[in-house]
There are 2 protein chains.
Amino acid sequence: MAKVSDSFVSNSKVYLEILKQLREMITDDGLKQGDKIPSERELSERLNVGRSSVREALRALELLGLIETRRGEGTYLRDFRGNQLVQLLSTFILQDEKAKLDVFETKNFIEMDGLRLALKRMDRLNIAAVKDWVTESEGFQDDEFFYQIFEAADNHLFFKIWEILKDYYHSLSSSPVEYKREDYLYLLDAMADKDEMKVFLAYGQLRKLSSV
Amino acid sequence: MAKVSDSFVSNSKVYLEILKQLREMITDDGLKQGDKIPSERELSERLNVGRSSVREALRALELLGLIETRRGEGTYLRDFRGNQLVQLLSTFILQDEKAKLDVFETKNFIEMDGLRLALKRMDRLNIAAVKDWVTESEGFQDDEFFYQIFEAADNHLFFKIWEILKDYYHSLSSSPVEYKREDYLYLLDAMADKDEMKVFLAYGQLRKLSSV
DNA sequence: AGACATGTGTGGTCTGACCACCAATGTTAA
DNA sequence: TTAACATTGGTGGTCAGACCACACATGTCT
């Protein structure tokens with residue numbers, strides 16, 4: 001049998017070839033998220049490469065969030081959607097100093113986008129449900145509110161981006177904000193009216209922005 | 001000296017800890033792109049971990065395009081600018097349709113946000129300059145246009161997010177779009193008029209959206 | 001001065017050996 | 001029978017050591 005290493009005399013990098021093989025394996029066998037992939041030892045044997053090379057490939061995939069390894073069990077394909085992408089941004093690219101202001105601004109814009117999408121996709125029932133929740137819930141949190149907004153927005157990627165920004169924002173700003181229930185209720189009313197302008201006025205008040 | 005492995009009895013995953021150490025090392029020593037990082041053997045020794053674990057961490061970073069390894073020479077920091085990542089993800093993700101839609105939608109919203117910011121921060125001179133460029137430039141590209149928009153928007157984070165999404169989008173969709181100069185010029189006119197509504201109508205036409 | 005040989009350090013890879021953990025199976029005791 | 005326990009095999013996690021291929025600096029010879 002041809003060794004993997006034979007096929008790339010010039011390329012070198014066994015682990016890259018392993019990635020390629022893995023892709024093929026996944027598509028050929030029709031593996032989906034949650035499915036188990038062969039063990040490291042089996043891959044090592046089937047591809048005629050060392051186990052350490054297999055591991056290098058798998059570790060890289062793991063860092064990308066494409067697979068999940070469970071010691072004693074095996075390695076499984078993960079939910080691919082919207083993944084890491086942004087998370088990696090935050091850890092490596094966001095180190096910028098001046099970025100703090102950007103984070104604040106970006107978060108606000110993203111939240112408004114979320115509101116736009118939610119506005120399009122929520123019906124009166126949904127809005128009423130959220131409204132009830134805002135009214136009744138004990139430990140009301142701003143984050144919780146936007147979690148629901150982004151859930152309604154039905155865009156996983158947007159949600160991920162917002163989540164990262166939120167976390168990052170919290171780690172930057174230590175000022176505990178006061179939440180006024182009526183602001184959120186007013187915003188929800190505006191959404192129920194499908195009045196985008198009014199929604200953003202409400203949001204601006206919520207965030208105490210002079211102008212959006 | 002404390003072994004790396006001591007500090008995460010519960011976490012496990014040596015290679016993740018190594019990544020953390022590397023980040024610290026990079027910031028503490030003020031390493032920039034192009035700089036050389038310690039050899040695998042030295043890292044292995046300094047952190048009291050096996051060389052294979054070090055390699056797993058480095059391979060992951062390499063796949064992300066954050067470092068570059070040259071056999072016989074060493075390992076060097078690379079330009080952090082995202083991508084790479086995008087290509088990889090796309091080759092693994094081609095399955096999920098919903099994810100594609102999310103990318104498409106998110107990109108559009110981010111671009112509109114960019115336009116909003118640019119609208120606030122560009123003066124007539126800036127707009128005129130871009131307009132000239134659109135009119136005169138030979139190889140006019142949609143990407144180039146938005147590069148300028150985001151530059152004017154003056155939000156580095158937003159720009160980064162957009163850049164990733166753009167690459168990601170390109171890797172998903174193979175349809176080469178036609179660019180009509182007049183659409184961009186019309187959009188710029190709308191910006192000069194400070195007419196946000198008109199700007200988004202123009203953008204919608206640009207992207208051939210039925211509704212934004 | 002130029003060409004060549006050598007040594008050292010680096011990444012690339014493989015092998016074998018443990019360990020920790022999990023799940024299934026078999027075994028024992030109530 | 002059934003519940004609790006012990007065993008066993010498979011899996012990922014890690015390490016140490018051994019080569020190889022390669023790049024660079026140094027030394028050596030012509």
Side-chain angles (χ1 to χ4, degrees), chain A residues 1-22 25-26 31 34-78, chain B residues 1-22 25-26 31 34-78:
Chain A
M1 174 184 174
K3 298 176 71 171
V4 165
S5 46
D6 291 344
S7 58
F8 61 156
V9 237
S10 52
N11 303 355
S12 76
K13 301 286 189 185
V14 169
Y15 88 98
L16 289 178
E17 186 64 17
I18 295 178
L19 287 180
K20 193 173 160 191
Q21 297 287 331
L22 270 176
M25 198 174 297
I26 290 174
L31 299 181
D35 288 348
K36 190 174 178 179
I37 66 179
S39 75
E40 297 178 353
R41 287 173 178 84
E42 184 181 342
L43 285 174
S44 156
E45 203 172 309
R46 269 164 65 172
L47 302 177
N48 281 296
V49 296
R51 191 182 154 213
S52 47
S53 293
V54 171
R55 281 187 60 80
E56 289 183 11
L58 292 181
R59 266 348 94 223
L61 289 183
E62 187 179 63
L63 191 63
L64 284 176
L66 296 175
I67 61 171
E68 177 185 0
T69 56
R70 297 201 277 271
R71 170 191 250 162
E73 296 186 59
T75 304
Y76 301 82
L77 289 183
R78 242 182 112 176
Chain B
M1 173 187 176
K3 300 177 69 170
V4 165
S5 47
D6 291 345
S7 59
F8 61 153
V9 235
S10 52
N11 303 355
S12 75
K13 301 285 190 187
V14 170
Y15 89 99
L16 288 178
E17 185 65 17
I18 294 177
L19 286 181
K20 193 173 160 193
Q21 297 286 331
L22 271 176
M25 198 175 298
I26 290 172
L31 300 181
D35 287 349
K36 189 173 177 179
I37 66 179
S39 75
E40 297 178 352
R41 287 172 177 86
E42 184 182 341
L43 284 174
S44 154
E45 203 173 307
R46 269 165 66 172
L47 302 177
N48 281 296
V49 296
R51 189 180 156 214
S52 47
S53 292
V54 171
R55 281 186 59 79
E56 289 183 10
L58 292 181
R59 269 343 97 226
L61 290 182
E62 186 181 64
L63 192 65
L64 286 177
L66 296 175
I67 61 173
E68 177 185 1
T69 57
R70 296 200 278 270
R71 169 191 252 159
E73 297 186 56
T75 305
Y76 301 82
L77 286 184
R78 250 181 103 175

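Not measured: the values here are computed from a predicted model. Below, each value reflects all heavy atoms present in this structure, side chains not excepted, and no hydrogens, waters or symmetry copies. A note on names: the letters A, B, ... follow the listed sequences, proteins ahead of strands, and every chain is numbered from 1.
Closest approach to the A:Arg71 side chain among C:dA23, C:dG11, C:dC21 is made by C:dC21 (side chain taken as heavy atoms from C-beta onward). Relative to the side chain of A:Ser39, the nucleotides C:dT10, D:dG12, D:dT14 differ in distance, and D:dG12 lies closest.
Within the nucleic acid shown, B:Thr75 comes within 4.0 Å of sugar-phosphate atoms alone, with no base atom in reach, counting heavy atoms only. As judged by a 4.0 angstrom heavy-atom cut-off over every strand, B:Arg70 is placed among residues touching the sugar-phosphate backbone only. Counting non-hydrogen atoms under 4.0 angstrom, A:Gly72 reaches a base of the nucleic acid.
In summary, of the residues considered (B:Arg71, B:Arg46, B:Arg59), a salt bridge (Lys or Arg N to Asp or Glu O under 4.0 Å) with B:Glu40 occurs for B:Arg59 alone.
Positionally, the nearest nucleotide of DNA chain C for B:Arg41 lies more toward the 5' end than for the other of B:Ser52 and B:Arg41. Looking at which nucleotide of DNA chain D each of B:Glu56 and A:Lys36 is closest to, the 5′-most match is held by A:Lys36.
Under 4.0 angstrom from either OP1 or OP2 of D:dC15 there lies no side-chain N or O belonging to B:Ser44. In terms of phosphate contacts, A:Arg55 brings no side-chain nitrogen or oxygen within less than 4.0 Å of OP1 or OP2 of D:dG12. Within the structure, every side-chain polar atom (N or O) of A:Thr69 is placed at least 4.0 Å from both OP1 and OP2 of D:dT11.
Rounding to whole angstrom units, CD1 of residue A:Ile18 and C1' of C:dG12 are separated by 12 Å.
Between the side chain of A:Arg51 and the base of D:dG13 there is at least one donor-acceptor pair of N/O atoms closer than 3.5 Å.
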